[in-house]
Number of protein chains: 2
Amino acid sequence: MSAPSFRNWQSVQEEVRRRIHARIWKPGDLIPNEADLALEFGCARTTVNRALRALADAGVLDRRRKAGTRVAAQPVAKATLQIALIKTEIRERGQDYSYQRLTRSKSIPPAAISDVMQTAQSRALLHIRALHLADDKPYAFEDRWINTDVVPSARAEAFDMLSPNEWLLTHTPYTHGEIAFSATEATADEAAVLKCAEGSALFAIDRMTWDGARSVTKVRLLFRPGHQLRTNL
Amino acid sequence: MSAPSFRNWQSVQEEVRRRIHARIWKPGDLIPNEADLALEFGCARTTVNRALRALADAGVLDRRRKAGTRVAAQPVAKATLQIALIKTEIRERGQDYSYQRLTRSKSIPPAAISDVMQTAQSRALLHIRALHLADDKPYAFEDRWINTDVVPSARAEAFDMLSPNEWLLTHTPYTHGEIAFSATEATADEAAVLKCAEGSALFAIDRMTWDGARSVTKVRLLFRPGHQLRTNL
DNA sequence: AAAATTATTATGTATGCACATAAAAGCATC
DNA sequence: GATGCTTTTATGTGCATACATAATAATTTT
């Protein structure tokens, strides 16, 4: 039984995964330290470190200085969702993309909006309602508020050809944001726009982005009934 | 103007982020190569590499050998969702968790299930329906099928005290899986279990895990109306 | 016995160097 | 001018070494 020698970090990672899967190292178990593994695998500690770090990032391992590395007791399923442009999303499905701006106005937002965006109640924001279509059928309804104090150049945009979804991505930097997924019943308005029954269960994505302490934009995307957001684990 | 000297990868990362945000490097732009940046930042190329690699992982940069590194033209919003145990999820909200098994049976699944799980149509699977409660109010309805060929030990489990959600996590290794989020209208059955109106918009998570080529389990989680899944960008 | 201090240890990371590898660019050949 | 080969180059990775840092364990002090 000689050392098989794992000469790159990917193979080390694979071997560690194998051992966890084979229950040689069980959830909650402390695994040997990097130096020992390096010795066993016949590689440098750096290489082991790289492999274990990647596994920790993936949620498979829990690592803490001095305490050592252990197999995650609760392997948190980390689903990484790729939120692409709606245009891209539709085209990748092999469908034809089109876009319709419904309304564009500068108006005082309801309190619910100015509250979460932390803008003054009396402050007018740019409000755009638009529809994204796949093969000429309604796909997603975009309802967006833009803080023109932060994005002054948006004032000059009509958003009649280019969706705010796309325009903002390339024109507006942001530092951080929040995203929330939920289900909601279609109001009469929303049903009319999406051409579905009132009260249908719609998949909703609410996203808000910030540039430092100032809110950039808040958007609600409502997808036609049956929409799924999927990814691999 | 002397070199400020960035001596660790985090600060290099920050500086790169800053330059992208300040539009010094615009989306689509090619940025200087690692060696040049290392020189400019007064650190080793390894350090720059680490920083740029992390940014590429985050979707901020696109890197290709020989072609160089460029600012992502379409900064794909990568939302990483932490799908924890429902018990953990509820407890973290400061609520009281309880669990009720509704039914447990070994039965032939509908074709829709055996199809996606790629089990023989005539093959009986373990079917569990259970309810997760927060402060004694229905929180999520779990409807699960378990492939007992792959998880024989599940045959001995009653799942009357411990939810399959929790039991499987610690007892069953899997190699990969899929997860999908959607919105669905509550059927009469589901409405009764979740104590909500029939036709309510429910947030649904469908998850299926595999051990190599064999399906381990398929679960549908239906959350009470109003449920949100949120994360930061 | 409790609290504060010190030692130990496993992970975290920076560095210089070497070589691997993918892909673009240049060059030669037909 | 299209095709295939060669060179160049930027990223990708491995390794030895050194030191940093956080957290535990051991020890001393109160």
Side-chain angles (χ1 to χ4, degrees), chain A residues 2-17 19-20 24-73 75-76, chain B residues 2-17 19-20 24-73 75-76:
Chain A
S2 72
S5 179
F6 298 90
R7 325 205 75 262
N8 59 45
W9 72 268
Q10 289 95 335
S11 70
V12 169
Q13 194 190 39
E14 243 175 78
E15 174 63 10
V16 172
R17 279 207 130 103
R19 292 189 186 181
I20 293 171
I24 296 170
W25 294 334
K26 289 183 270 297
D29 278 6
L30 199 64
I31 75 172
N33 69 41
E34 294 185 347
D36 290 349
L37 286 176
L39 209 67
E40 186 196 335
F41 291 149
C43 64
R45 183 171 79 89
T46 324
T47 308
V48 174
N49 180 277
R50 180 90 155 82
L52 298 188
R53 187 153 41 80
L55 287 169
D57 283 347
V60 175
L61 295 176
D62 280 335
R63 324 192 71 199
R64 260 170 53 224
R65 273 179 175 157
K66 163 74 183 171
T69 302
R70 49 185 72 234
V71 180
V76 213
Chain B
S2 72
S5 179
F6 299 91
R7 325 207 76 261
N8 58 47
W9 73 268
Q10 289 94 336
S11 69
V12 169
Q13 194 190 39
E14 244 175 79
E15 174 62 10
V16 172
R17 280 207 129 105
R19 291 187 187 184
I20 293 172
I24 295 170
W25 294 334
K26 289 182 269 297
D29 279 6
L30 199 64
I31 76 173
N33 69 42
E34 295 184 347
D36 290 349
L37 285 175
L39 207 68
E40 186 195 336
F41 291 151
C43 65
R45 184 172 77 91
T46 324
T47 307
V48 174
N49 179 277
R50 181 88 155 83
L52 298 188
R53 185 153 43 80
L55 287 170
D57 283 347
V60 176
L61 296 176
D62 281 335
R63 323 192 71 198
R64 261 169 56 224
R65 272 180 174 157
K66 163 76 184 170
T69 301
R70 51 184 70 235
V71 180
V76 211

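All chains are named by letter (A, B, ...) in the order of the sequence lines, taking the proteins before the strands, and each is independently numbered beginning at 1.
- For the pair B:D62 CG and D:dA10 C1', the interatomic distance rounds to 15 Å; values are reported in whole Å.
- Checked against side chain to side chain donor-acceptor pair (under 3.5 Å), B:N33 has no partners two or more places apart in sequence or in another chain.
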Which nucleotides of nucleotides 8-17 of chain C have their base under 4.0 Å from a protein heavy atom (B), which only their sugar-phosphate (S), and which neither (-), written as one string 5' to 3'? BBBBBBSBB-
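- With sequence neighbours excluded, no residue satisfies side chain to side chain donor-acceptor pair (under 3.5 Å) with B:T46.
- Pairs of residues two or more places apart, or lying in two chains, that qualify as salt bridge (charged side-chain N to carboxylate O under 4.0 Å, His left out) and include a residue from residues 46-70 of chain A are A:E34-A:R63.
- Atoms CG (B:L55) and P (D:dT11) sit 13 Å apart, rounded to a whole Å.
- Legend: residues meeting side-chain contact (heavy atoms from CB on, under 4.5 Å) with B:E15, ordered by chain and number and at least two apart, are B:F6, B:R18, B:R19, B:F41.
- Under the side-chain contact (heavy atoms from CB on, under 4.5 Å) criterion, A:N8 pairs with A:Q10, A:S11, sequence neighbours left out.
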